[in-house]
Amino acid sequence: MGGLASFAVFIGLTVFYMSAFFDGAEAWFGWTGWWVPVAIIFAIVFTGPLGSTFLVVVAGYGMYYVWDWPLWLVIAVCFPGLIVMAVTVVGSIFAEIFGRLAR
């Protein structure tokens with residue numbers, strides 16, 4: 001049952017990101033029609049990490065400019081690694097500062 005639930009979540013997230021990508025591609029590049037984004041999706045799938053980075057950036061553009069989401073929410077949804085990286089950097093800075101003070 002867990003595999004089926006995971007698959008349902010994956011399909012839901014895919015539809016969510018694809019709709020944001022389609023809106024972002026139409027707003028950013030002026031593409032109208034369904035065939036251009038579908039061709040881009042196939043190119044993204046075959047290019048691996050580089051293509052998925054393009055997909056997330058265009059989807060974030062669609063969320064921010066077309067759906068009028070606040071920037072913090074776009075960053076949290078599209079770029080969660082940036083949040084983890086920022087927390088890690090700030091934590092290491094505080095650890096270094098408090099480590100020097102403890103000596």
On a heavy-atom basis, the closest approach of Phe21 and Leu55 is CD1-O, 3.9 Å
Given Val77 and Tyr17, is the side chain to side chain contact (heavy atoms under 4.5 Å, CB included) satisfied, shown in steps?
CA-CA 10 Å; Val77 170; Tyr17 278 111; 3.6 Å; yes
So how far is it from Ile97 CD1 to Ser92 OG, rounded to the nearest 0.5 Å?
9.5 Å
Run the side chain to side chain contact (heavy atoms under 4.5 Å, CB included) test on Thr47 and Phe54 for me, step by step, so that the C-alpha distance in whole Å, both residues' side-chain angles and the decisive distance to 0.1 Å come before the verdict.
CA-CA 10 Å; Thr47 57; Phe54 177 73; over 6 Å; no
Where do Val66 and Ala27 come nearest, in terms of heavy atoms and distance?
CG2-CB, 3.5 Å
Looking at every non-hydrogen atom in both residues, tell me the closest pair between Cys78 and Ala59 and how far apart they are.
SG-C, 4.4 Å
Can you tell me how the ring of Phe94 sits relative to the ring of Phe98, calling it parallel under 30°, perpendicular over 60° and tilted otherwise?
parallel
Verify side chain to side chain contact (heavy atoms under 4.5 Å, CB included) between Trp67 and Val74, making sure each step is shown before the conclusion.
CA-CA 10 Å; Trp67 294 356; Val74 172; over 6 Å; no
Is there a chain of hydrophobic side chains (I, L, V, M, F, W, Y, each step under 4.5 Å between heavy atoms) that links Leu71 to Tyr61?
yes
Smallest heavy-atom separation, Trp69 atom then Phe16 atom, equals CH2-CZ, 3.4 Å
Kindly determine whether Met85 and Phe79 satisfy side chain to side chain contact (heavy atoms under 4.5 Å, CB included), including the steps that lead there.
CA-CA 10 Å; Met85 183 179 64; Phe79 308 106; over 6 Å; no
About how many Å separate OG1 of Thr88 and CD1 of Ile83, when rounded to the nearest 0.5 Å?
11.5 Å
State the CG-CZ distance between Leu4 and Phe7, to the nearest 0.5 angstrom.
8.5 Å
Spell out, yes or no, whether Ile75 and Trp72 are grouped together once hydrophobic residues are joined by side-chain heavy atoms under 4.5 Å, including indirect joins.
yes
Side-chain heavy atoms nearer than 4.5 Å, only ILVMFWY residues, links allowed to pass through others: does that put Val15 and Met18 together?
no
